[in-house]
Structure formats: structure tokens, C-alpha cells
Amino acid sequence: MTASPPADITIRDIWEARRRIAPFVNETPLIPTTGLKDHTHADVYLKLENLHQIRAFKIRGAANKILSLTEEQRQRGVTTFSTGNHGLAVSYIARELGIRAVICVSNRVAPAKIEAIRSLGADIKFCGQGQDDAEKACYNLQDKEGLTVIKPFDDPHVIAGQGTIGLEIMAQLPRVDTVIIPLSGGGLLAGIALALKTSVPDIRIIGVSMEKSAVMHESLKAGKPIVLEEQDTLADSLLGGIGLNNRYTYPMVKAYIDQTILLPEDAIAAGMNYMLKTHKMIVEGAAATPIAAFISGKVSGDVRQAVGIITGSNVDLGVLFDIADSHN
Ligand SMILES: *Cc1c(COP(=O)(O)O)cnc(C)c1O
């Protein structure tokens with residue numbers, strides 16, 4: 001689908017982001033993958049966002065946002081309630097810049113995740129029993145102590161930061177016609193689609209989620225942001241709502257997405273196994289969804305030069321090795 005982007009964010013913001021984050025974020029490789037010939041006639045390439053310092057693309061958006069803060073805001077510090085890749089990204093960039101970061105977590109968050117955040121130098125603030133409590137505590141810190149909340153996706157600077165992936169793809173594979181993007185809150189898809197469709201409007205954008213709790217997909221169907229109950233999934237980085245007051249990513253995803261693919265758990269597992277066996281690479285469930293989309297035969301249209309975004313590799317190795325065993 002082609003549509004004009006919301007006027008708040010333009011491709012110039014993405015070029016600015018690229019200049020801004022360059023000292024902290026390396027360009028990632030784009031590699032061909034040839035093991036999918038049974039499933040597609042297309043040439044498929046993988047954008048390896050698992051190779052960043054924090055092993056996920058979220059470093060791009062977090063860097064662009066934090067580097068855009070005023071000197072006064074930097075002195076007061078930043079906060080977030082994500083314990084996943086966004087929390088790691090905020091902690092990492094804050095440490096690089098010598099800024100205080102406070103990550104609000106509920107008492108239910110796994111110790112391994114807390115340790116990962118702590119090892120990046122962030123302060124942990126325990127608050128309540130669930131994600132909602134952590135979110136409230138985070139906004140309290142903003143109101144009472146003046147820390148800036150760094151949102152995971154629904155923020156123009158975060159979207160523009162993720163969009164720098166699109167600029168790299170255009171340079172690395174100028175004839176790309178289809179990009180397959182793991183989809184949760186939509187910052188990644190909105191940014192990449194803005195970068196690519198502004199340049200070449202007929203590039204196809206495919207969003208991929210798990211069948212369980214695909215909040216963006218169900219919201220688009222309902223015509224407005226909705227809430228779904230979370231269920232366990234291998235693609236845990238794709239869990240979470242899109243925010244009932246979503247301002248940017250919902251309208252952008254709606255304007256840009258050409259196809260949505262929903263995947264069962266066994267397809268996601270097959271995608272993780274493919275990356276491990278074919279490329280000797282550890283990737284998390286969310287990152288394996290573009291591969292899974294091909295393996296399950298759900299990618300439609302005349303696809304010749306496709307790019308799948310391999311979004312991250314923060315996965316429990318026990319989970320991955322169980323999958324590898326069961327695919328032998
Ligand atoms: C955050 C994340 C996504 C989804 O990005 P959104 O901007 O929320 O759509 C996909 N994969 C991984 C590994 C992530 O951490």
C-alpha cells in the first residue's frame with residue numbers, strides 16, 4: 001500500500017538519525033541465504049541486526065532518542081520499564097554517554113534479565129507485581145525527579161533511529177523489492193517502511209508476528225488500538241501492547257504495510273533451527289520470523305529480491321538447544 005507518511009516524521013529525520021547515531025552504532029551486514037530454495041524462487045538476504053553490541057536493533061532508536069535530549073535532560077537521566085532489548089539498549093547508550101539510567105522492573109522479571117541490565121550499569125528499581133506497576137513507577141520518576149521516559153516504539157526519534165536500517169538496505173541491495181519485518185509495537189516497521197517507500201514507493205513491506213497475541217494485527221482489523229492478553233511464545237520480544245493512545249506507529253504501520261503474516265510456534269522454532277544449522281547463528285524467536293514466513297509458504301506476491309530483518313539474538317540457550325535437538 002502506498003500512502004503519504006504522517007507529516008510529523010520524514011525521511012530527513014532518518015538521515016539525521018543516521019548522522020547522529022553513527023559514532024555508537026555500526027552498520028550491519030546484509031548476507032545472502034541460499035537454503036530456502038525449496039520454499040521460494042526469490043533471492044533472500046538477511047539483515048543481521050543480531051550483531052550489534054546489545055545483540056538487537058533497538059540500539060538504533062534508543063541512541064537517536066537519547067542523543068536528541070537537551071543537556072539539562074541528560075543531566076537528570078533517563079528511565080524505561082522495558083526489561084527486554086529496549087531496556088538493554090537504553091542502559092547501554094546511557095552508559096556510553098555517562099547518563100544515569102533507571103530501569104523499572106516488576107518483582108516477576110527473571111533474574112537473568114535483571115543481571116544483564118545491571119551489568120550495563122543501569123540502576124534497577126523494583127516496583128510492584130506486573131508490567132503495569134513498572135510503567136506507572138517509570139512515569140512517576142519522570143514527574144517527580146525529572147527523568148525522561150524513553151519509549152520503546154511510539155516516538156518519532158525512536159522510529160527514525162530504526163529507520164536507518166532502511167537506508168542501509170537501499171545502499172546494500174538497491175534492487176530490493178520486498179522486506180519482511182518482525183512486528184510488535186511497529187517502530188521497526190514504521191521506520192524502515194518510511195525510509196524505503198519514500199525512495200521507492202512500490203517496495204513491498206510484510207509484517208510478521210506470532211499467531212498468539214498479535215496486537216498490531218488485531219488492532220488494524222478492529223480499526224483502533226486494542227488490548228490482548230499475553231500468551232507464552234518463542235517470539236517473546238514481539239509481546240506487549242501498542243498503547244491505547246498510540247500516536248505514530250499505528251497510523252504509520254496502517255499506511256505502509258502490504259501483507260501481514262501470522263506464524264504458529266512450530267514455524268518460529270523451524271526458523272530458529274534454520275539460522276542455527278545453516279548459518280551457525282543463534283537468533284531469538286522474534287528474529288527467526290522472517291525465515292519462518294518463507295518456510296511456512298506464507299509470503300505472497302512476485303518476490304525476487306527479499307530482505308528479512310534478523311532483529312536480535314537475546315534468547316535462553318536452553319530453549320534454543322531443545323529446539324535444535326527436536327529438529328534432528
Ligand atoms: C522490539 C523487537 C521487535 C519488534 O519491534 P517493534 O518496533 O516493537 O515492532 C522485533 N524483534 C526484536 C528482537 C525486538 O527486540
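One-based numbering, in listed order, for ligands and for the atoms of each.
For atom 8 (O) of ligand 1, the nearest non-hydrogen atom of the protein is G185 N, 2.9 Å. Counting protein heavy atoms only, atom 2 (C) of ligand 1 is closest to K58 NZ, 2.4 Å. Looking at atom 12 (C) of ligand 1, its nearest protein heavy atom turns out to be T311 OG1, 3.4 Å. Closest to atom 10 (C) of ligand 1 among all protein heavy atoms lies L238 CD2, 3.4 Å.
Considering both main-chain and side-chain atoms, A287 never comes within under 3.5 Å of ligand 1 through any nitrogen or oxygen pair. Of the N or O atoms in G187, one or more lie within a sub-3.5 Å distance of an N or O in ligand 1.
Side chains of T28 and E49: a donor on one and an acceptor on the other come within 3.5 Å.
In this structure a side-chain-to-backbone donor-acceptor pair under 3.5 Å is missing from T33 to Y45. Looking at N273, its side chain never comes within 3.5 Å of a backbone N or O of A269 through a donor-acceptor pair.
Neither the backbone nor the side chain of M216 has any atom closer than 4.0 Å to an atom of ligand 1 (non-hydrogen atoms only). With a 4.0 Å cut-off on non-hydrogen atoms, S184 touches ligand 1 through its backbone as well as its side chain. When heavy-atom distances to ligand 1 are checked against a 4.0 Å cut-off, E284 comes that close only through its side chain, counted from C-beta outward.
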Might you work through the side chain to side chain donor-acceptor pair (under 3.5 Å) test for R55 and N314, ending with a clear yes or no? CA-CA 7 Å; R55 300 179 298 277; N314 289 312; 2.7 Å; yes
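When side chains are defined from C-beta on, W15 does not count as touching R12, because their heavy atoms never get closer than 4.5 Å. A 4.5 Å side-chain heavy-atom check between H157 and L67 finds every atom pair outside the cut-off.
Below 4.0 Å from some heavy atom of F57 lie the following atoms of ligand 1, by number and element: 1 (C), 2 (C), 3 (C), 5 (O), 10 (C), 11 (N), 12 (C), 14 (C). Taking a cut-off of under 4.0 Å to the non-hydrogen atoms of G186, the atoms of ligand 1 that pass are 6 (P), 7 (O), 8 (O), 9 (O). For ligand 1, the atoms sitting less than 4.0 Å from at least one non-hydrogen atom of A286 are 11 (N), numbered in the order shown with element in parentheses. Atoms of ligand 1 lying under 4.0 Å from any heavy atom of N85, numbered from 1 in the order shown and given with element: 13 (C), 14 (C), 15 (O).
No more than 12 heavy atoms of other residues, nucleotides or ligands sit less than 6.0 Å from atom CG of D232. Atom NZ of K125 has 12 or fewer neighbouring heavy atoms from other residues, nucleotides or ligands inside a 6.0 Å radius.
Screening I242, N245, D154 for a side chain to side chain contact (heavy atoms under 4.5 Å, CB included) with Y250, the sole residue that qualifies is I242.
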